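Predicted model only: the values in this text are computed from it and were never measured. Order of the sequence lines sets the chain letters (A, B, ...), proteins ahead of strands, with each chain counted from 1.
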Amino acid sequence: MKERNKPKKGRTLPASFYLESDVVLVAKRLLGKFLVTNIDGIRTGGMIVETEAYAGVTDRASHAFGNRRTKRTEVMYAKGGVAYVYLCYGMYALTNVVTHSRDVPHAVLIRGLQPAEGIAGMLKRSGKSKIAPRFTAGPGLLSRALGILPSHSGLPLSGPKLVLEDRGVVVAEDEIVASPRVGVDYAGEDARLPWRFRILGNYWTSPAS
DNA sequence: ATGTCGATTTGCT
DNA sequence: GCAAATCGACATA
């Protein structure tokens, strides 16, 4: 079974993947998984190389801190396995994976993607003619390249528009770099939690460090 | 009704 | 390195 010599065939992640109660663990497990979108007839996708965990109610950095249940955050309260997408700074959509059971608003922000398929489509969406450095390195950039919009918030990650797949890539524990999350200075103590995870040495991780 | 501010990115100094 | 871009969600009234 030389899996690596076969064409890469993705296996959609099972519902159980998202029900794990430890969102930090899910954030690590998402490294090496593939996020594929099929939006406006264009199929694009890549490997997740950077994530951040947001632990809901008790996490000052989370939009759901203090059990703040609003129109925007409502999707995070859904059962794990859907996307939470919101508009940041008025111009960038940020994509999250909702985890845990219903009514527990945990989520994992996808911060870095290594382009894998549909490169032409991604370039078109980003208004570029060739792959620039850090093309999909950053949550706003990768969301744009994949065509993900705030209106897609709440869609399942098991298709048809959004799909999260396992393609057999294994990321060992010692290949995972943990560090504090980015851009959450407002979160006080919680801003120091080492809940940002990257694949060691991967080029496609976000700029801020 | 109004004011503040972002889980970012880019361009200019 | 710093500030602008840009708009909806949220808080306050």
Next item on the list: Indicate whether the side chain of Y84(A) and that of H63(A) have a donor and an acceptor atom separated by less than 3.5 Å.
Entry: yes
Check: At under 4.0 Å, does any side-chain N or O of T70(A) touch on OP1 or OP2 of dC10(C)?
Finding: yes
Check: Can you check whether Y186(A) stacks with the dG6(B) base, using ring centres under 5.5 Å and planes within 30°?
Finding: no
Item checked: Whole angstrom value for the distance that separates C1' of dA5(C) from CG of L87(A) -> 12 Å
Item checked: Between T205(A) and R134(A), a side-chain donor and acceptor under 3.5 Å -> no
Checklist line | Spacing of W195(A) atom CH2 relative to dA7(B) atom P, expressed in whole Å | finding: 16 Å
Next item on the list: May I have the distance from I110(A) (atom CD1) to dT8(B) (atom C1'), rounded to whole angstrom?
Entry: 16 Å
Next item on the list: Would you indicate which nucleotide in dA7(B), dC10(C), dT10(B) comes nearest to any side-chain atom of T73(A)?
Entry: dC10(C)
Checklist line | Separation of atom OH in Y89(A) from atom P in dA4(C), rounded to whole Å | finding: 14 Å
Note to self: Can you confirm if the NZ or CZ of R111(A) lies within 45° of the ring axis of F197(A) and under 6.0 Å from the centre of its six-membered ring?
What the structure shows: no
Margin query: dA7(B), OP1 or OP2 - any side-chain N/O from R196(A) closer than 4.0 Å?
Written below: no
Check: If we take the P atom in both dT4(B) and dA4(C), what is their distance in whole Å?
Finding: 15 Å
Item checked: Opposite nucleotide pairing with dT6(C), Watson-Crick or G-U, both atom distances under 3.5 Å -> none
Check: Is a salt bridge present between E74(A) and K71(A), judged by a nitrogen-to-oxygen distance below 4.0 Å?
Finding: no
Margin query: Heavy atoms only, 4.0 Å cut-off, all strands: where does L109(A) land among base, sugar-phosphate and nothing?
Written below: base
Next item on the list: Calculate the interatomic distance between E50(A) atom CD and dA7(B) atom C1'; express it in whole Å.
Entry: 11 Å
Note to self: Determine whether a donor-acceptor pair (one donor, one acceptor, N or O, separation below 3.5 Å) exists between the side chain of H63(A) and the base of dA7(B).
What the structure shows: yes
Next item on the list: Sticking with atom C1', work out how far dG1(C) lies from dA7(B), rounded to a whole angstrom.
Entry: 22 Å
Check: When the distance from CZ of F135(A) to C1' of dT10(B) is rounded to whole Å, what number comes out?
Finding: 16 Å
Item checked: Pi-cation contact, Y77(A) with R69(A) (under 6.0 Å, within 45°) -> yes
Checklist line | Pairwise P distance, dT2(B) and dT6(C) [rounded to whole Å] | finding: 23 Å
Notebook entry, point to check: For Y54(A) and dG6(B), what is the distance between atoms OH and P respectively, to the nearest whole Å?
Noted result: 13 Å
Check: Below 4.0 angstrom from OP1 or OP2 of dA11(C), is there any side-chain N or O of R68(A)?
Finding: yes
Next item on the list: Report the distance from atom CG of L142(A) to atom P of dT9(B), rounded to the nearest whole Å.
Entry: 8 Å
Notebook entry, point to check: When we call it a touch if two heavy atoms are under 4.0 Å apart, what does R72(A) touch: a base, just sugar-phosphate, or nothing?
Noted result: sugar-phosphate
